[in-house]
Amino acid sequence: MILYNVEDGVAIISWNMEGYPMNVLNEDSIKAFADATDKAVNDTDVKGIIITSEKDAFGAGADLKMIKKMLAQKDLDVKTAFENARELNQVFRRYETSGKPVVAGINGTALGGFYEVCLACHYRVAVNNPKAQIGLPEAQIGLIPGAGGTQRVPRMVGIEAAAPLLLEGKRLKPEAAHKAGLVNELVADKDQMMAAAKKFIAENKFIMQPWDEKNRKGQIVGKKNYRVPKGNIQSPKGVQVLMPGTALLMDKTKGNYPAQLAIMNCVYEGLQVPMDQALDIESRYFTQVLRTPEARGMVRTLFFGIQDANKGEARPKDIPKTEINTVAILGAGMMGAGIAYVSAMAGMNVILKDISVENAEKGKDYSRNLLKKRLSKKRITQEKADQVLELIKTTDKVEDLAAADYIIEAVFENRDLKYKITQETEAVIREDVIFGSNTSTLPITGLAEASKRPDQFIGIHFFSPVDKMMLVEVIMGEKTSDKALAATLDYIQKIKKTPIVVNDSRGFYTSRCFSTYTAEGMEMLQEGINPILIENAGKSAGMPVGALDVADAVALDLAYKIMKQTSKDTGEAMEAMPGGKVVIKFNEELDRVGKKAKKGFYEYPENGKKYLWPGLQEHYPLAEKQPNIEDLKKRFLHRQALECIRCLEEGVLRNPTDGDVGSILAWGFAPYTGGAFSYVDAVGIEQFVKDCDELAGQYGDRFKVSDKLRDMAAKGETFFKDMALEAAAV
């Protein structure tokens with residue numbers, strides 16, 4: 001677990017956890033590390049210490065079981081949690097204040113607690129591996145660095161430079177980390193790393209951190225004249241950074257993210273006291289954050305949920321891996337062009353087909369432009385860019401599809417067109433090739449009727465822009481086989497996207513639930529609620545942008561077409577659908593179809609910022625009494641969550657974890673909640689049902705809950721087990 005060796009008076013402590021792909025922090029490894037560092041500190045023959053790893057990476061944070069135990073908040077004993085948080089800090093302080101030079105040999109990725117191991121060292125040498133990552137990403141999953149990160153980083157690089165590293169959880173490549181001051185020296189390989197570490201030790205017989213010193217009694221105390229780079233907290237620069245910084249943070253987070261607020265408090269309070277007191281402050285805030293439902297939900301979804309999906313949790317285990325070397329994409333519009341780009345970037349040959357080579361080349365231009373941007377930012381070499389473009393072959397000939405190992409149809413949302421494309425393609429491709437249809441609303445079972453091989457027909461729903469959006473929704477038709485699912489998940493893993501698997505229905509999961517956000521905004525507009533209040537309520541609830549803004553971006557004519565098709569297929573009048581009357585008015589009367597037409601709910605001036613269309617007030621006069629913003633926030637979130645629950649109850653969703661992952665990655669459901677189902681668990685199902693009953697009484701059946709959910713409320717059930725029980729099952 002921890003290798004210990006002394007060479008020429010230098011103790012080399014090397015992490016090497018068996019059975020783990022990367023080193024992790026858990027109770028056993030922390031104890032072993034503490035024993036090794038104490039041994040080195042207390043050995044008078046040891047003149048310095050190197051802490052490194054035998055694996056290709058240094059380490060990636062805490063062990064799964066330990067995190068889940070810490071987040072079992074129902075049983076969390078505050079005192080115990082605080083002492084556990086302090087334990088690692090005390091280990092670090094023993095070697096940090098020993099007077100012996102301690103060097104971190106960062107031979108690969110060092111994240112979270114493992115980078116905090118490095119921060120407590122006096123010097124950090126990193127191998128310049130462009131695939132490695134260095135940083136403190138805890139804030140991204142609702143936690144705060146709990147082993148000195150909030151205290152040492154600003155003391156090293158200054159408050160302003162530390163802010164994005166701590167608050168956004170930025171991960172840096174070694175070269176960028178060196179430039180930012182997080183790494184002291186870059187080397188080419190591990191041998192040079194060890195040589196540089198030994199050189200530093202040889203040149204520093206006794207060393208203290210710049211923020212520490214010994215008093216006359218030999219005790220470690222904070223250096224009174226220590227100055228944080230570019231200004232202490234109470235300096236003009238410190239005040240200049242923290243005051244507007246706090247305001248900007250509140251504007252960005254709307255106060256919804258406890259971790260970010262705790263980090264700001266840690267920095268503000270901790271930098272005004274000696275390090276040992278500062279670490280106690282950090283431990284207290286770390287414990288407080290652990291007790292929040294936001295931390296629980298975000299860790300469950302944004303760490304474990306996404307991690308399991310990326311590992312292929314939903315993939316049928318008995319199906320051999322499908323080798324996909326060539327993918328054919330039918331349709332070179334924005335979606336098809338984006339799919340072509342990510343496929344080529346993953347090293348696959350791409351056949352990009354459209355009705356003409358000219359159209360297909362326009363689709364390839366999308367990749368050309370993205371690669372130019374990457375080149376300008378030095379994120380790719382010219383050689384690599386040329387290789388990617390070489391992989392994309394454009395064509396207008398259906399015969400060229402014969403070379404494909406996987407098909408993705410990405411033509412317009414027109415059932416007849418998709419039928420035609422399916423039949424043309426199946427006539428030339430191999431019989432074992434899976435056919436994936438990229439559709440956002442049309443039921444897969446119906447589209448598969450055009451196929452001679454419906455067992456090999458599957459839905460593969462990408463989100464725009466494909467190069468940025470990480471989710472892919474996989475839709476199983478009634479006859480879709482496990483083989484088709486396995487091949488599709490193999491392809492998604494290859495392009496490094498996150499999949500969720502759902503069963504067939506109109507709108508599937510993501511489109512169906514996402515539309516409730518925009519529809520609720522339109523219903524509010526009809527009620528005479530101020531559109532400014534509507535938009536601010538959506539953003540305050542944690543949504544990326546306002547509901548009317550989103551509706552404009554998606555396009556109101558698309559919403560009109562979808563509603564019209566739904567009405568034709570189901571018999572439900574468009575006027576009766578949530579938001580239907582507004583969509584009809586904007587399409588049939590006002591001819592305002594959204595952002596693409598530069599007129600919708602917003603105006604889009606050529607040289608200026610968009611603004612809400614003043615004519616809204618004429619068509620939807622403001623009600624005399626405006627609602628409380630908290631009521632609107634509840635309406636937005638409850639409405640979306642209720643539709644997600646219906647998808648689970650109807651069997652569209654297979655489990656609530658996929659529901660949470662999909663709700664955040666697909667349409668940006670308030671990430672601080674951990675997703676729609678974690679949100680309901682945090683509210684409490686009993687309270688959620690009570691809220692929905694009140695909303696149904698005011699606004700109609702769209703808020704009506706099922707008997708099943710009502711039964712869950714009566715039994716005190718939740719969608720997720722307690723994390724302590726989950727940890728025991730790992």
Side-chain angles (χ1 to χ4, degrees), residues 331-338 362-363 365-366 369-370 373 410 412-414 438-441 461-469 471 507 510-526 529-565 574 577-620 636 640 665-669:
M334 186 174 179
M335 191 65 77
K362 286 180 181 177
D365 284 342
Y366 186 81
N369 292 332
L370 285 178
K373 288 180 183 178
F412 298 118
E413 288 285 275
N414 180 290
N438 176 65
T439 175
S440 59
T441 57
H461 178 202
F462 288 86
F463 298 83
S464 185
V466 177
D467 55 293
K468 293 181 180 178
M469 298 295 281
L471 189 77
T510 57
S511 295
R512 173 176 163 181
C513 297
F514 163 66
S515 65
T516 63
Y517 177 51
T518 54
E520 198 62 29
M522 293 182 212
E523 289 293 320
M524 292 175 182
L525 186 66
Q526 285 190 111
I529 297 174
N530 192 320
I532 297 173
L533 182 57
I534 294 170
E535 298 298 78
N536 285 339
K539 290 182 283 188
S540 293
M543 301 301 293
V545 293
L548 304 179
D549 194 352
V550 173
D552 265 7
V554 172
L556 293 167
D557 58 342
L558 177 60
Y560 182 78
K561 289 172 186 175
I562 291 170
M563 285 182 172
K564 200 167 187 178
Q565 185 69 57
M574 286 179 65
M577 298 175 190
K581 290 179 181 177
V582 177
V583 170
I584 292 169
K585 188 181 189 73
F586 270 69
N587 279 271
E588 295 182 0
E589 296 178 31
L590 302 176
D591 189 27
R592 299 183 66 87
V593 297
K595 185 177 181 180
K596 65 180 181 180
K598 299 189 183 300
K599 54 179 182 177
F601 294 113
Y602 283 77
E603 286 284 333
Y604 299 88
E606 286 293 337
N607 299 308
K609 291 181 68 174
K610 68 187 177 195
Y611 56 90
L612 282 161
W613 179 42
L616 285 175
Q617 198 161 330
E618 175 189 341
H619 294 280
Y620 302 101
F636 275 133
Q640 294 175 76
L665 295 188
W667 73 90
F669 183 90

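Numbers here are sequence positions counted from 1. What you see is a predicted model; the values in this text were computed from it and never measured. Hydrogens, waters and symmetry mates play no part in the numbers below; they use all other heavy atoms, side chains included.
Rounding to the nearest 0.5 Å gives a distance of 4.0 Å between CG of Asp467 and OH of Tyr366. Here CD of Gln640 is found 9.5 Å from OG of Ser515. Values are rounded to the nearest 0.5 Å. From Leu556, atom CG reaches atom CD1 of Ile584 across 12.0 Å, with rounding to the nearest 0.5 Å. To the nearest 0.5 Å, the span separating CE on Met524 from CG on Leu533 amounts to 8.5 Å. Note that CD of Glu523 is 12.5 Å distant from CE of Met577, once rounded to the nearest 0.5 Å. The CD1 atom of Ile532 sits 6.0 Å away from the CG atom of Leu612 when rounded to the nearest 0.5 Å.
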**Intermediate values then yes/no, side-chain contact (heavy atoms from CB on, under 4.5 Å), Phe462 and Met335** = CA-CA 8 Å; Phe462 288 86; Met335 191 65 77; 3.8 Å; yes

**Asked** Between Val550 and Met543, is a side-chain contact (heavy atoms from CB on, under 4.5 Å) present by the stated rule, with each step listed?
**Response** CA-CA 10 Å; Val550 173; Met543 301 301 293; over 6 Å; no

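In this pair, Phe669 and Trp667 present their aromatic rings perpendicular. The plane angle is above 60°, beyond the 30 to 60° band. The aromatic rings of Phe601 and Phe586 sit tilted relative to each other, their planes meeting at an angle between 30° and 60°.
For the salt bridge (charged side-chain N to carboxylate O under 4.0 Å, His left out) with Glu603, the qualifying choice from Lys595, Arg592, Lys598 is Arg592, the only one to do so.
When all heavy atoms of Met334 and Ser464 are compared, the closest pair comes out as CE-OG, 3.5 Å. A pairwise comparison of heavy atoms in Ala547 and Thr518 identifies O-CG2, 3.6 Å as the closest pair. Among all heavy-atom pairs drawn from Ile534 and Leu525, the shortest one is CD1-N, 3.6 Å. Minimum heavy-atom separation, Ala337 to Gly363: CB-O, 3.3 Å.
Under the side chain to side chain donor-acceptor pair (under 3.5 Å) criterion, the residue pairs touching residues 554-563 are Asp557-Lys596, Tyr560-Glu588, with sequence neighbours excluded. The salt bridge (Lys or Arg N to Asp or Glu O under 4.0 Å) analysis of residues 530-555, with sequence neighbours excluded, yields the pairs Asp549-Lys610.
Counting heavy atoms from C-beta on, the side chains of Asn438 and His461 come closer than 4.5 Å.
A donor-acceptor contact shorter than 3.5 Å links the side chain of Ser511 to the backbone of Ser440.
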